[in-house]
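Below is one structure, written out as structure tokens, with a few remarks after it.
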Amino acid sequence: TVHVTSLLRDVTHDADRVEVNLPDGTEITIGELLKRIDAQHPGFSERLLYFGDLMPGIAVFVDGQQGFMKLQEKVGAKSQVHFLPPIVGG
């Protein structure tokens with residue numbers, strides 16, 4: 001399950017979650033996950049990628065842990081994924 005922040009919901013038709021079905025025991029990378037989400041919601045990855053990598057400041061959390069391998073981070077069939085934009089302010 002990919003949890004969708006409010007900044008991306010215009011691409012997912014206001015869905016707060018996107019499901020990508022994988023067989024149990026299967027793992028894919030975040031990069032592959034984004035391709036599969038794009039098949040359902042064109043333009044989703046466009047909002048997160050910059051020159052083929054995650055935009056600076058975008059954090060990926062998989063099952064509550066920050067993923068530092070970016071697009072190479074592995075996710076499983078039951079993983080909970082969050083893409084968090086940078087937090088700014090003063």
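Quick note: residue numbers are just sequence positions, from 1. Computed over heavy atoms, backbone and side chain alike; hydrogens, waters and symmetry mates excluded.
- Side-chain contact between V81 and F61 is absent, with no heavy atoms from C-beta onward closer than 4.5 Å.
- Contact check for T29 versus V75: no side-chain heavy atoms found under the 4.5 Å cut-off.
- With rounding to the nearest 0.5 Å, the separation of CG in L54 from CZ in F83 is 6.5 Å.
- Smallest separation of non-hydrogen atoms from V20 and I37: CG2-CG1, 3.7 Å.
- Heavy atoms only, all atoms of each residue included: A77 and P23 are closest at CB-O, 3.6 Å.
- Counting heavy atoms from C-beta on, the side chains of R36 and L22 come closer than 4.5 Å.
- Around CD of E46, the count of heavy atoms belonging to other residues, nucleotides or ligands within 6.0 Å does not exceed 12.
- Put simply, CG on L48 and CE on M55 are 7.0 Å apart, with the number rounded to the nearest 0.5 Å.
- The side-chain heavy atoms of V2 and E19, taken from C-beta on, include no pair separated by under 4.5 Å.
- Judged as a salt bridge (Lys or Arg N to Asp or Glu O under 4.0 Å), and not counting sequence neighbours, R9 has no contacts.
- Here the options are H82, K78, Q80, the test is side-chain contact (heavy atoms from CB on, under 4.5 Å), and the partner is T1; only Q80 passes.
- Here D16 contributes atom CG and D14 contributes atom CG; the two are 9.5 Å apart, rounded to the nearest 0.5 Å.
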Self-check item: Verdict with reasoning, V60 to L84, per side chain to side chain contact (heavy atoms under 4.5 Å, CB included)
Solution: CA-CA 6 Å; V60 178; L84 300 178; over 6 Å; no

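- Taken to the nearest 0.5 Å, the CG atom of L34 stands 6.5 Å off from the CG atom of L71.
- The distance from atom CG of L8 to atom OG of S45, rounded to the nearest 0.5 Å, is 10.5 Å.
- Pairs of residues two or more places apart, or lying in two chains, that qualify as side chain to side chain donor-acceptor pair (under 3.5 Å) and include a residue from residues 61-72 are D63-S79.
- Between M69 and K74 the shortest side-chain heavy-atom distance does not fall below 4.5 Å.
- For the atom pair I58 CD1 and L49 CG, the distance stands at 9.5 Å (nearest 0.5 Å).
- Ionic pairing of R47 and D38 is not present here: no N-O contact between side-chain nitrogen and carboxylate oxygen is shorter than 4.0 angstrom.
- The two residues A15 and V4 come nearest to each other via the heavy atoms O-CB, 3.6 Å.
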